[in-house]
Each structure stands twice: as structure tokens, then as C-alpha cells.
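See below for the structure under consideration.
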Amino acid sequence: MGKTALITGASSGLGAEYARQLAAFGADLVLVARDRGALEQLASRLRSTYGVQVEVLTADLVKPRQRDKVVARVADAQRPIEILVNNAGFGLPLAFESNDIEDEVRHLQLHVEVPMRLTHAALGAMLQRGHGRIVNVASVAAFIPRSTYGACKGWLVSFSRWANGRYRPRGVTVTAVCPGYTHTSFHERMGLGPGEEGVPDLMWLQARDVVAESLRDAARGAAVSIPSWRYKVLVTLARFAPPSLAARIGERGR
Ligand SMILES: NC(=O)c1ccc[n+]([C@@H]2O[C@H](COP(=O)([O-])OP(=O)(O)OC[C@H]3O[C@@H](n4cnc5c(N)ncnc54)[C@H](OP(=O)(O)O)[C@@H]3O)[C@@H](O)[C@H]2O)c1
């Protein structure tokens, strides 16, 4: 491939899987997250398995000085980033009223402000070169009312749709990826053990399938990717569901 991909939240879950699949295509990588040990371990595995170059960029993306290092790396025209994957994220309990408001602000920054800044930084160089690919990891929660998480992911889907329409004719595609429940560290980090989400086994996806389908959709320039038929059908039904039913679905899980 001979191109470089920068992935945020690459230390686990979907981000680590994007790193693995893009390395398998021959892409060099820049891996971003807070956990240096996990990033170094992944980097050395990918270098030895796929023979690609891997840079580790440790950053807490909600801390402005650390985030700006990543913004600068994305904008560096001497070391072009061809694929940007905005993936870092975390969840909060649905009880907005009792969540710490500072946690809510960090959640909003990581899911909305950070991808907006990184997309802005990437677009300058990508548009000048006339090619590039941006993948924004949203969620099926974008299509149902689901506290601030659904609102943040809704922003990302709406922004990606618009940006793809505007920049695709100039060679830069922007794709919002909307996974359903996927086995990663996401739910465990919220303190939920196996089965505690109260979601049937049938609804759980594997990270490797989500990433593979979303990369195929991004490669064909889709504005929105909803991995798996199960969730494609559910999202279509949610579009036509009465608001009270959509609200009940949105209250499922944590
Ligand atoms: N799993 C699901 O069911 C699901 C469904 C739909 C959408 N998603 C979305 O998928 C994306 C990836 O989540 P995941 O499921 O793969 O969860 P995960 O395994 O918990 O991974 C989250 C990643 O984000 C990074 N991260 C968190 N806070 C960060 C910060 N302040 N600065 C930098 N990096 C940070 C974490 O790394 P460090 O801790 O090392 O910083 C980790 O690499 C998220 O945007 C999530 O909303 C997940």
C-alpha cells in the first residue's frame, strides 16, 4: 500500500483491529492512545508480522497540549497521513442527571471536538494532494435517542455525510462507521461484566467483522457504514418506528 494511516484509540478493541487490518494491507501506521505499553506491544507485533513501519504517539486526547501533538502530526505535509481513523471513545452511564458534568464534557470533547479538529487538520493536506480517506467511528446509537452518547454519535454521522458529499468529488472520502454492540473493552471499562448489558448474544458483533466491512465501505466512498445485516435492518426499522418505541429501544443496556 505504501501509505500511512493514523488511528486514535489504537491500544484496544476496534482501534487495535483497524491497525491490524490496515497493516495487513501494507499500510504504515501511527498509533495513538494513552496506554504506551499496549501501543508498543501492538506496534512490535505488527512490525514483525507485516513488515510495516509503526510510530507510537502517546496522547490523552482530551488534554489540549497532548491533543495538539496529534493534530500537528496529522497536518505534517512532509509525512503525509493518507487514512485517518477517528476511533477513540468511552461510554458513560445513561443517567445524565447523575453523571459528573466534567466527565460529560470530556466525553463530548473526545467524541466530537477531537474528530472535528483531526479531520480539519487532515483535510488541508489531503485536499492539496487530491486524495485521502477519513473514517469516523460513530455508532448505531446515532439513530436512536440515547443520552449524550447518541447525540455525539449523531453529530459525527451528520458531519460525515455532509463532508463526504463536499470532499469526495475532490478525492477525499469521509465515512461514518456505525457499529452495534461489539466485543471490545468498551463495556468492561464502564464496569459491566459479561452479560450485564442485558443484550442477547445474537446482537453482539466481532471487531474483525466490523472493521473489515467498514474498510470495504470506506474504500468505495460510502458516507455511512452500518456493519452486519442485523444492524442494517434495525436501523431501517428505527427510522420508521414511532418516537415512543425508539425511546424504549434507546433505554436498553447500561
Ligand atoms: N464496543 C461497542 O459496542 C461499540 C459500539 C459502537 C461504537 N463504538 C465506538 O467504537 C470506538 C472504539 O471503542 P471500542 O469499543 O474499541 O472500546 P475500547 O476497547 O474501550 O477502546 C477505546 C479506545 O479509546 C482510547 N481512548 C479512550 N480515552 C482516550 C483519551 N482520552 N485519549 C486517547 N485515547 C483514548 C483507549 O485507549 P487508552 O485507554 O490507552 O487511552 C482505547 O484504545 C468508540 O468511539 C466507541 O464509541 C463501540
Side-chain angles (χ1 to χ4, degrees), residues 6-21 29-43 56-71 73 85-92 102-103 105-115 117-118 135-144 146-157 160 176-192 194 196-199 203-211 213-214 224-228 230-231 234-235 250 252-254:
L6 184 144
I7 303 156
T8 69
S11 62
S12 74
L14 289 166
E17 185 59 24
Y18 275 109
R20 196 190 64 73
Q21 292 194 23
L29 302 170
V30 183
L31 306 180
V32 180
R34 293 165 301 182
D35 184 339
R36 174 172 286 279
L39 291 180
E40 293 287 7
Q41 220 174 37
L42 178 64
V56 164
L57 190 49
T58 314
D60 183 336
L61 289 165
V62 298
K63 298 205 167 135
R65 288 209 350 228
Q66 298 185 32
R67 179 203 65 209
D68 288 348
K69 273 191 323 192
V70 183
V71 170
R73 178 64 189 85
V85 183
N86 282 307
N87 163 79
F90 68 94
L92 287 173
E102 296 309 325
D103 286 343
V105 170
R106 280 188 282 276
H107 179 263
L108 179 70
Q109 288 171 332
L110 191 60
H111 289 276
V112 175
E113 182 184 351
V114 168
R117 284 182 184 275
L118 294 181
V135 173
N136 290 324
V137 181
S139 166
V140 288
F143 305 105
I144 48 170
R146 193 162 168 83
S147 192
T148 49
Y149 184 73
C152 289
K153 297 303 195 182
W155 185 93
L156 206 49
V157 170
S160 303
V177 179
C178 302
Y181 287 99
T182 307
H183 291 294
T184 65
S185 310
F186 187 88
H187 305 90
E188 187 187 308
R189 284 181 197 240
M190 291 177 65
L192 297 168
E196 280 189 280
E197 275 282 10
V199 175
M203 298 314 293
W204 285 90
L205 304 173
Q206 300 297 334
R208 69 166 182 276
D209 301 329
V210 168
V211 168
E213 187 168 343
S214 71
V224 177
S225 167
I226 302 173
S228 86
R230 273 164 283 171
Y231 280 101
L234 270 181
V235 166
R252 288 205 62 129
R254 62 182 160 95

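Atoms within each ligand, like the ligands themselves, are counted from 1 in listed order. Atom set for the values below is all heavy atoms of this structure, side chains included, hydrogens, waters and symmetry mates excluded. If you're wondering where the values come from, they're calculated on a predicted model, not measured in any experiment.
Of the candidates Ser11, Gly37, Cys178, it is Ser11 that places a heavy atom closest to atom 38 (P) of ligand 1. Residue Asn87 holds the heavy atom nearest to atom 11 (C) of ligand 1 of all those in Leu42, Asn86, Asn87.
For ligand 1, the polar-atom distance check against His111 finds no nitrogen or oxygen pair separated by under 3.5 Å. Not a single N or O atom of Tyr181, backbone or side chain, sits closer than 3.5 Å to an N or O atom of ligand 1. Looking at ligand 1, you won't find any N or O of Phe90 less than 3.5 Å from one of its N or O atoms. Ligand 1 has an N or O atom lying under 3.5 Å from an N or O atom of Leu61, backbone or side chain.
Of all the atoms in ligand 1, the ones that sit under 4.0 Å from a non-hydrogen atom of Ala59 are 32 (N), 33 (C). Listed by number with element, the atoms of ligand 1 under 4.0 Å from a non-hydrogen atom of Leu14 are 10 (O), 16 (O). For ligand 1, the atoms closer than 4.0 angstrom to any heavy atom of Tyr149 are 6 (C), 7 (C), 8 (N), 9 (C), 46 (C), 47 (O). Within the listing of ligand 1, atoms 1 (N), 2 (C), 3 (O) sit less than 4.0 angstrom from a heavy atom of His187. Using a 4.0 Å cut-off to heavy atoms of Ser139, the atoms of ligand 1 that qualify are 6 (C), 7 (C). The distance from ligand 1 to the heavy atoms of Asp60 drops below 4.0 Å at these ligand atoms: 30 (C), 31 (N), 32 (N).
Remark: Arg65 does not engage Asp68 in a salt bridge, criterion side-chain N to carboxylate O under 4.0 Å.
Scanning the protein for heavy atoms near atom 4 (C) of ligand 1, the closest one is Gly180 O, 4.1 Å.
Ring geometry for Phe90 versus His107: interplanar angle over 60°, hence perpendicular rather than tilted (30 to 60°).
Ser12 and Arg189 share a side-chain donor-acceptor pair at under 3.5 Å.
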